[in-house]
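Read the structure below first, then the notes.
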Amino acid sequence: MNILVANLGSTSFKFRLFRFDGAGEASLLAKGGYERVTDYGSAIDDCLAELRAAGHVRSAADLHGVGFKTVLGKDLTGCVPADERVIAALEGFREIAPAHNPPYATGIQRFREKLPGVPLVALFETAFYQWVPEAASRYAVPETWYQAGVRRYGFHGASHKFVAERSAELLGRDDIAARVRSLYQAGPTPVKAGAKPLRVISCHLGGSSSVTGIRDGVAIGTSMGLSPQSGLPQNNRVGDLDSAAVPFVMKTLGLPLAEVERQMTKESGLLGLSGVSNDLRDILAAIQQGNARAQLALDVFVHSTRHWIGSFLTALNGCDALVFTAGIGENNPNLRAALCAELDQLGLVLDPAKNAALRTEGEISAAHSPVKVFVIPANEELVVARETLRCISSRN
Ligand code: ADP
């Protein structure tokens with residue numbers, strides 16, 4: 001089975017082609033992409049021509065499905081056929097995710113026209129949060145705001161779901177890994193009577209970042225809120241902010257709303273704090289040069305991440321595993337050490353040598369640490385491909 005995963009940006013189209021064998025094991029056959037795309041239709045033609053020339057597919061008939069990592073839909077989530085309903089749901093929330101929703105709405109439309117016989121599947125980034133208790137997803141706003149859609153949705157669902165499944169495997173809990181695998185088709189299935197709850201805190205730290213609490217493979221809460229610019233300070237997006245700040249700067253700095261929005265999404269986060277860059281590597285280099293604002297940006301990021309880890313430690317009554325994933329989480333041992341510092345009273349002790357040496361997936365906690373700490377590399381495209389295949393298979 002060949003599954004294409006399409007990553008659509010406002011002017012870019014990236015793709016990966018996975019082949020699944022009979023046992024469900026995936027191999028990556030091809031990846032590529034185009035920048036400065038003005039017409040997704042011709043980009044799709046180019047992609048198919050590339051795959052044909054490389055001998056991976058002879059025609060669209062050799063594609064068994066296309067998966068899209070859609071972000072946020074109005075009144076719609078999960079892993080679902082990418083049809084009119086998905087396009088309407090993306091359009092319905094274009095104001096909340098203006099950089100993400102319009103390209104997917106247009107791109108999916110083009111794919112439907114170009115590949116009429118090929119099943120298209122949307123995996124919403126919010127899908128993993130469908131079972132979060134209401135108390136953890138509601139804001140204290142008037143009912144009319146809630147009815148309009150103002151609530152905590154959660155993002156990075158593909159990444160955190162992968163962590164939920166993989167950490168369960170690493171902890172020898174195949175029952176929970178299987179529960180995670182079937183989540184979008186079957187919902188949370190019953191757990192084995194008397195089994196110890198499996199409590200995982202997943203930290204996706206990258207260009208954008210979030211922390212999610214997971215019990216028995218199902219999310220119980222997340223740092224992300226209404227939009228992907230909430231929670232931790234993001235690369236150049238603001239993260240959590242007191243709502244009073246917006247009217248305050250409009251009145252005192254004389255900024256129009258559109259400019260406030262631009263500054264909150266383009267000039268805030270790690271960039272705004274450091275004044276150096278939105279890339280943590282540049283910030284670390286500036287810290288080496290003695291830049292105090294760069295140090296502050298790092299300190300705020302660490303503080304905020306620990307704040308959210310703490311939130312899930314109470315919600316879960318402790319944890320069995322703390323997991324780091326994505327660009328920053330996978331590649332920065334010093335940051336991981338800062339995030340795990342002085343948690344021994346909560347049962348978490350890092351092994352500094354393992355932490356420094358790890359290059360791929362693995363455990364970095366001390367042998368005697370009751371809380372395990374893992375690094376699990378993110379592979380969101382693979383998650384989309386797997387879920388696309390499950391969605392198609394469950395409908396056949
Ligand atoms: P995205 O969220 O855009 O998919 P990634 O998960 O690839 O991004 O993460 C990108 C971030 O990872 C960048 O901000 C970069 O600073 C950070 N990063 C990558 N490698 C390192 C490293 N060796 N040390 C610190 N940060 C790193």
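Counting convention: from 1, in listed order, for ligands and their atoms alike. Any value given below was found using the heavy atoms of this structure, including those in side chains, with hydrogens, waters and symmetry copies removed. Residue numbers run from 1 in the order of the sequence given. From a predicted model like this one, the values you see are computed outputs, not experimental measurements.
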Test item: protein heavy atom less than 4.0 Å from atom 18 (N) of ligand 1
yes
Among all protein heavy atoms, pick the one closest to atom 21 (C) of ligand 1 and tell me residue, atom and distance.
Asn331 CB, 3.6 Å
Test log, rule salt bridge (charged side-chain N to carboxylate O under 4.0 Å, His left out), inputs Glu169 and Arg181
CA-CA 11 Å; Glu169 287 170 355; Arg181 274 193 284 281; 3.2 Å; yes
Could you tell me the residue and atom name of the protein heavy atom closest to atom 5 (P) of ligand 1, and the distance to it rounded to 0.1 Å?
Gly327 N, 3.7 Å
Nearest non-hydrogen protein atom, atom 25 (C) of ligand 1
Asn332 ND2, 3.4 Å
Side chain of Arg336, backbone of Gly329: donor and acceptor closer than 3.5 Å?
yes
Would you sort out whether Leu123 and Tyr184 count as a side-chain contact (heavy atoms from CB on, under 4.5 Å), showing the intermediate values?
CA-CA 10 Å; Leu123 172 61; Tyr184 296 159; 3.4 Å; yes
For atom 16 (O) of ligand 1, what is the nearest protein heavy atom, given as residue, atom name and distance?
Asp279 OD1, 2.5 Å
Measure from the ring center of Phe111 to the ring center of Phe68 and say whether it is less than 6.0 Å.
yes
Here the atoms of ligand 1 under 4.0 Å from any heavy atom belonging to Ala326 are 6 (O)
Arg173 bridged to Asp320 by N-O distance under 4.0 Å:
no
If the contact criterion is a heavy-atom separation under 4.0 Å, does Asn235 count as touching ligand 1?
no
Kindly confirm or rule out an N or O of Leu280 lying under 3.5 angstrom from an N or O of ligand 1.
yes
Tell me if the OH atom of Tyr139 is crowded by more than 12 foreign heavy atoms within 6.0 Å.
yes
Using distance alone, determine whether Gly207 and ligand 1 share an N or O pair under 3.5 Å.
yes
Would you call Lys161-Glu387 a salt bridge at under 4.0 Å N-O?
yes
Polar proximity ligand 1 side, Glu380 side, N/O cut 3.5 Å exclusive:
no
Sub-4.0 Å atoms of ligand 1 with respect to non-hydrogen atoms of Ser208
2 (O)
Arg152 to Tyr129, cation-pi by 6.0 Å centre distance and 45° axis angle:
no
